[in-house]
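None of these values were measured; they are calculated from a predicted model. Just so we're on the same page: letters track the sequence lines, and every chain starts at 1.
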There are 2 protein chains.
Amino acid sequence: MPNKDEITAAIQAIEPFKQSDELFKSRMAAHARVLSVEKGQVLFVNQDEADKIYIVLSGWVKLFRETLDGTQAVIDIIPKNHMFGETSIFEDCIYPYSAEATETSELISLPISLLKDGIETDPKLALAMLSSMAKYRKQQDREIEHRTIQNASQRIGCFLLRLIDQDQQGPVSIHLPYDKTLVASRLGMQPETFSRALKKLKDATGIDVKGATIHMDDVQQLVRYSCAACSAEFPCKDLKASAY
Amino acid sequence: MPNKDEITAAIQAIEPFKQSDELFKSRMAAHARVLSVEKGQVLFVNQDEADKIYIVLSGWVKLFRETLDGTQAVIDIIPKNHMFGETSIFEDCIYPYSAEATETSELISLPISLLKDGIETDPKLALAMLSSMAKYRKQQDREIEHRTIQNASQRIGCFLLRLIDQDQQGPVSIHLPYDKTLVASRLGMQPETFSRALKKLKDATGIDVKGATIHMDDVQQLVRYSCAACSAEFPCKDLKASAY
């Protein structure tokens with residue numbers, strides 16, 4: 001269980017809160033609740049009334065929407081030190097997606113009303129929220145671009161590049177942050193498509209895949225293959241800004 | 001050539017500017033420049049330094065990015081009474097895409113520095129920009145969802161539904177707002193994929209396609225087909241908020 005200082009540090013570490021005033025952060029910390037959730041536990045459902053925002057302290061939370069027949073579209077997988085639920089402020093306080101822990105996770109919940117008040121009274125916080133929203137918008141733009149231009153193997157290559165220190169020279173080993181089925185759904189692929197595309201990526205680039213560990217002698221193997229079908233150049237700012 | 005009142009009205013009509021203070025709007029109007037551009041004219045290129053934002057008065061402007069080998073990803077097609085270029089404020093004033101008129105168009109350009117000053121000094125404008133950014137983010141979320149769940153024909157159906165007054169009963173005729181090649185690239189499809197998918201949509205729903213005009217006896221023909229593969233229900237708020 002995190003103590004008060006750790007909770008304050010977690011709030012302070014959220015990008016748009018960094019520049020906000022101290023009073024706002026101490027009010028947030030005072031109203032923070034810590035939650036331990038099991039794998040599969042649902043935090044809220046798409047279209048629920050939004051009264052809280054969440055910060056992930058450990059584990060992973062999947063944001064998704066479902067059609068009537070149960071087909072799922074994964075919107076994002078939120079890692080630790082990131083927030084979710086905050087955009088509902090601009091959606092009449094209705095969550096625009098469902099949230100489910102994909103493994104045992106520890107979270108902080110904060111009253112959404114405090115963030116709302118903060119944005120209305122602290123121009124610095126409003127600007128920081130705008131800037132963070134613009135960054136996310138750019139990432140989504142890039143995602144839509146990739147779904148247009150890149151094939152499935154190139155998209156997996158791009159996903160792997162996000163997990164690497166981009167200035168790294170020589171051999172690199174990557175561990176997938178969560179299981180392959182979840183990586184597939186994060187990338188909007190059926191598990192079979194993902195397996196086939198991963199095999200094709202191996203054949204095309206010579207990377208070595210053993211379970212959840214991927215090894216390559218040189219990052220350029222992936223860069224040449226994936227970044228050719230992207231309008232950005234490697235190393236790219238969008239990857240660095242990415243949530244993974 | 002629009003007169004001063006028409007320019008002021010166009011600025012006033014941009015969603016996030018509606019609630020901003022009068023001084024800001026009159027400064028914007030005083031610095032507005034009207035541009036007439038030909039089909040194919042490029043306004044700026046991805047990664048150019050951003051000094052202006054634009055409002056479309058008539059015509060259409062395509063936002064896109066290109067890979068080194070010239071493959072294009074269309075990000076959006078901006079219709080009249082909508083703005084573009086404004087998110088570069090949060091990208092160190094670098095345009096995150098290229099912009100090209102897809103037909104003869106009339107535009108207003110405004111100095112980006114005025115919008116920047118406005119956001120920093122007028123909390124109402126900052127909030128309105130946040131809200132508009134959140135709306136766009138939700139539409140992108142939906143777009144990514146559709147590219148995951150819907151097949152090409154369902155996505156064309158969804159595109160057509162955006163062009164309709166959703167409360168309409170009985171027979172409906174739709175005219176495509178721009179040519180089919182552009183609709184295809186807006187939807188991230190190759191022209192051949194688009195043609196095949198449109199034919200499949202015709203066969204599955206019984207809609208009638210003649211050139212750029214589409215006719216159906218009842219909107220439900222499309223709703224049953226496309227909205228089954230979407231987490232939102234028809235009539236949906238996202239469609240109503242859409243730029244088309």
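Closest of all the heavy-atom pairs between A/Phe90 and B/Ala134 is CB-CB, 3.4 Å.
Within the 4.5 angstrom heavy-atom criterion, only side-chain atoms of B/Ile75, from C-beta onward, approach chain A. When heavy atoms are compared at a cutoff of 4.5 Å, A/Glu233 does not approach chain B at all.
With respect to chain B, the highest number of heavy-atom pairs below 4.5 Å among A/Ala228, A/Cys230, A/Ser185 belongs to A/Cys230.
A/Leu63 contributes atom CG, which lies 8.5 Å from atom CG of B/Asp141 (distance to the nearest 0.5 angstrom). If you take OG on B/Ser231 and CZ on A/Phe64, they are separated by 10.5 Å, rounding to the nearest 0.5 Å.
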Applying side chain to side chain contact (heavy atoms under 4.5 Å, CB included) to A/Met129 and B/Met133, what does each step give before you reach the verdict? CA-CA 10 Å; A/Met129 286 288 289; B/Met133 201 91 87; over 6 Å; no
Take B/Arg142 and A/Arg65, measure what side chain to side chain contact (heavy atoms under 4.5 Å, CB included) needs, and give me the verdict at the end. CA-CA 9 Å; B/Arg142 181 75 64 201; A/Arg65 285 195 291 258; 3.4 Å; yes
Between B/Gln140 and A/Ile144, does a side chain to side chain contact (heavy atoms under 4.5 Å, CB included) hold up when you go through it step by step? CA-CA 8 Å; B/Gln140 282 176 310; A/Ile144 293 172; 4.2 Å; yes
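Of residues 41-49 of chain A, those residues with a non-hydrogen atom less than 4.5 Å from any non-hydrogen atom of chain B are, in numerical order, A/Asn46. Listed in order of number, the residues of residues 114-125 of chain B that approach chain A to under 4.5 Å between heavy atoms are B/Ile119, B/Glu120. At a heavy-atom separation below 4.5 angstrom, chain B is approached by A/Glu145, A/Arg147, A/Thr148, A/Ile149 within residues 145-157 of chain A.
Considering B/Lys135, B/Lys138, B/Arg137 in turn, B/Lys138 is the only one that fulfils the side-chain contact (heavy atoms from CB on, under 4.5 Å) rule with A/Glu91.
Counted within 6.0 Å of NZ on A/Lys18, heavy atoms from surrounding residues, nucleotides or ligands total more than 12; the atom is thus considered enclosed. More than 12 heavy-atom neighbours from other residues, nucleotides or ligands sit within 6.0 angstrom of CD1 on A/Ile94. With a 6.0 Å radius and a threshold of 12 heavy atoms from other residues, nucleotides or ligands, B/Gln12 has its CD atom above the threshold.
By the side chain to side chain contact (heavy atoms under 4.5 Å, CB included) test, A/Thr102 pairs with A/Trp60, A/Lys62, A/Leu182, sequence neighbours left out.
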